[in-house]
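Below, all heavy atoms of this structure are taken into account, side chains as well, without hydrogens, waters or symmetry copies. We count ligands from 1, going down the list as the structure has it; atoms in each ligand are counted the same way. Position 1 is the first residue of the sequence; numbering continues from there.
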Amino acid sequence: MKRAVFPGSFDPLTLGHVDIIQRALPLFDEIIIAIGVNADKKYMFPLEQRTHFIEETFKKQEKIKVKTYTGLTAAFCKEMNAHFILRGLRNTNDFNYEQSIAQTNQAITGVESVFLFCSPQFSHISSTIVRDVKRNDGDISSLVPKVVNAY
Ligand code: ADP
């Protein structure tokens, strides 16, 4: 079975994430959307809420599972028996950041990273931008799925 882990903070889920996940569906038998929990990090949306956003958005999609994890993403992949990590690339900053992580994951556990370039209409979207707009009472409806906008 071709199983991939799509790791992230998803604080919150954005249309950029949704685009990558939907376009990766034909490539894998199962995609585990894995919400990384880091005790030192401050999140805007509580974990339960971030999980709900993802479950609600993909509720009709049987290939998608949602899980939370702590520690190394590569170790979580082993635990889940997933041989692939799925990541999205928006620009060269993402590329530079992802390259050494992917090479390290490959070297220490053999897990392969698979990258999809984001669709151009979503390349400006990040969870950070969404949080900034929301914090300043701006309209996030063009950046996030309906369930997040309604929250
Ligand atoms: P992290 O904290 O690991 O960066 P994120 O939740 O921000 O987690 O992102 C998870 C994944 O989604 C990363 O691979 C990131 O590059 C990708 N991603 C985020 N925003 C977009 C976007 N607008 N288009 C494509 N991929 C994206």
Side-chain angles (χ1 to χ4, degrees), residues 2-28 30-58 61 63-80 82-106 108-109 111-135 138-149 151:
K2 276 194 207 140
R3 184 180 287 126
V5 165
F6 184 55
S9 311
F10 306 104
D11 187 31
L13 181 71
T14 70
L15 293 180
H17 296 131
V18 173
D19 170 56
I20 294 292
I21 294 162
Q22 279 173 342
R23 286 168 46 226
L25 277 172
L27 305 178
F28 300 105
E30 186 175 291
I31 297 177
I32 299 172
I33 304 178
I35 309 175
V37 179
N38 179 344
D40 298 332
K41 214 165 151 179
K42 288 244 178 290
Y43 299 99
M44 176 178 258
F45 296 87
L47 181 59
E48 298 69 38
Q49 207 55 48
R50 284 182 279 145
T51 309
H52 171 70
F53 292 154
I54 301 170
E55 285 174 346
E56 185 60 25
T57 303
F58 295 105
Q61 191 42 258
K63 278 184 172 185
I64 293 180
K65 305 273 179 295
V66 186
K67 294 199 181 289
T68 57
Y69 74 103
T70 53
L72 288 180
T73 304
F76 178 70
C77 290
K78 283 269 158 203
E79 195 185 313
M80 293 292 111
H83 295 114
F84 305 96
I85 294 176
L86 172 66
R87 296 289 282 177
L89 293 177
R90 284 162 291 198
N91 48 45
T92 51
N93 285 343
D94 278 354
F95 177 88
N96 290 333
Y97 175 73
E98 298 287 347
Q99 182 182 20
S100 53
I101 296 175
Q103 287 168 333
T104 305
N105 285 334
Q106 212 284 330
I108 63 175
T109 60
V111 67
E112 292 288 359
S113 294
V114 174
F115 296 94
L116 291 183
F117 282 109
C118 75
S119 300
Q121 67 271 31
F122 300 125
S123 63
H124 61 293
I125 302 179
S126 66
S127 296
T128 308
I129 293 268
V130 170
R131 292 195 301 272
D132 283 349
V133 175
K134 188 159 174 65
R135 216 174 267 126
D139 178 5
I140 59 168
S141 59
S142 65
L143 310 174
V144 296
K146 284 198 179 69
V147 61
V148 181
N149 189 45
Y151 175 68

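- When the heavy atoms of Ser126, Gly88, Gly16 are ranked by distance to atom 15 (C) of ligand 1, first place goes to Gly88.
- Contacts with ligand 1 closer than 4.0 Å are made by side-chain heavy atoms of Arg90 only, the backbone lying farther away.
- Here's the thing with Ile125: one of its N/O atoms is less than 3.5 angstrom from an N/O atom of ligand 1.
- Atoms of ligand 1 found under 4.0 Å from any heavy atom of Phe10 (numbered from 1 in listed order, with element): 6 (O).
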Side chain to side chain contact (heavy atoms under 4.5 Å, CB included), that's the test. Do Val144 and Phe53 meet it? Break it down for me. CA-CA 10 Å; Val144 296; Phe53 292 154; over 6 Å; no

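- Between Arg87 and ligand 1, a contact under 3.5 Å exists for at least one N or O pair.
- The protein heavy-atom contact nearest to atom 26 (N) of ligand 1 is Ile20 CG1, 3.5 Å.
- Partner of Ile33 under the side chain to side chain contact (heavy atoms under 4.5 Å, CB included) criterion, out of Ile54, Leu13, Leu86: Ile54 alone.
- Heavy-atom neighbours of Tyr151 OH from other residues, nucleotides or ligands within 6.0 Å: above the threshold of 12.
- Considering both main-chain and side-chain atoms, Phe122 comes within under 3.5 Å of ligand 1 through a nitrogen or oxygen pair.
- Annotation for Leu15 and Ser142: closest pair CD1-O, 3.4 Å, computed over non-hydrogen atoms.
- Near Phe6, meaning under 4.0 Å from any of its heavy atoms, are these atoms of ligand 1: 11 (C), 12 (O).
- Annotation: atom 24 (N) of ligand 1 to nearest protein heavy atom, Cys118 CB, 3.1 Å.
- The protein heavy atom nearest to atom 2 (O) of ligand 1 is Ser9 OG, 2.9 Å.
- The shortest N or O to N or O distance between His17 and ligand 1 is below 3.5 Å.
- The two atoms that bring Asn38 and Tyr43 nearest to each other are N-OH, 3.1 Å, heavy atoms only.
- Listed by atom number, the atoms of ligand 1 under 4.0 Å from Gly8 heavy atoms are 3 (O), 6 (O), 8 (O), 10 (C).
- The backbone N or O of Phe95 lies less than 3.5 Å from no partner atom in the side chain of Thr92, so there is not a single donor-acceptor pair.
- Note that OG1 of Thr73 is 12.5 Å distant from CE of Met80, once rounded to the nearest 0.5 Å.
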Going through the checks in order, is the ring-ring contact (aromatic ring centres under 6.0 Å, His included) test met by Phe28 and Phe84? CA-CA 9 Å; Phe28 300 105; Phe84 305 96; 5.6 Å; yes

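- Within the 4.0 Å heavy-atom criterion, the part of Pro7 lying near ligand 1 is the backbone and not the side chain.
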Does the side chain to side chain contact (heavy atoms under 4.5 Å, CB included) test come out yes or no for Arg50 and Asp11, once each step is laid out? CA-CA 6 Å; Arg50 284 182 279 145; Asp11 187 31; 3.7 Å; yes

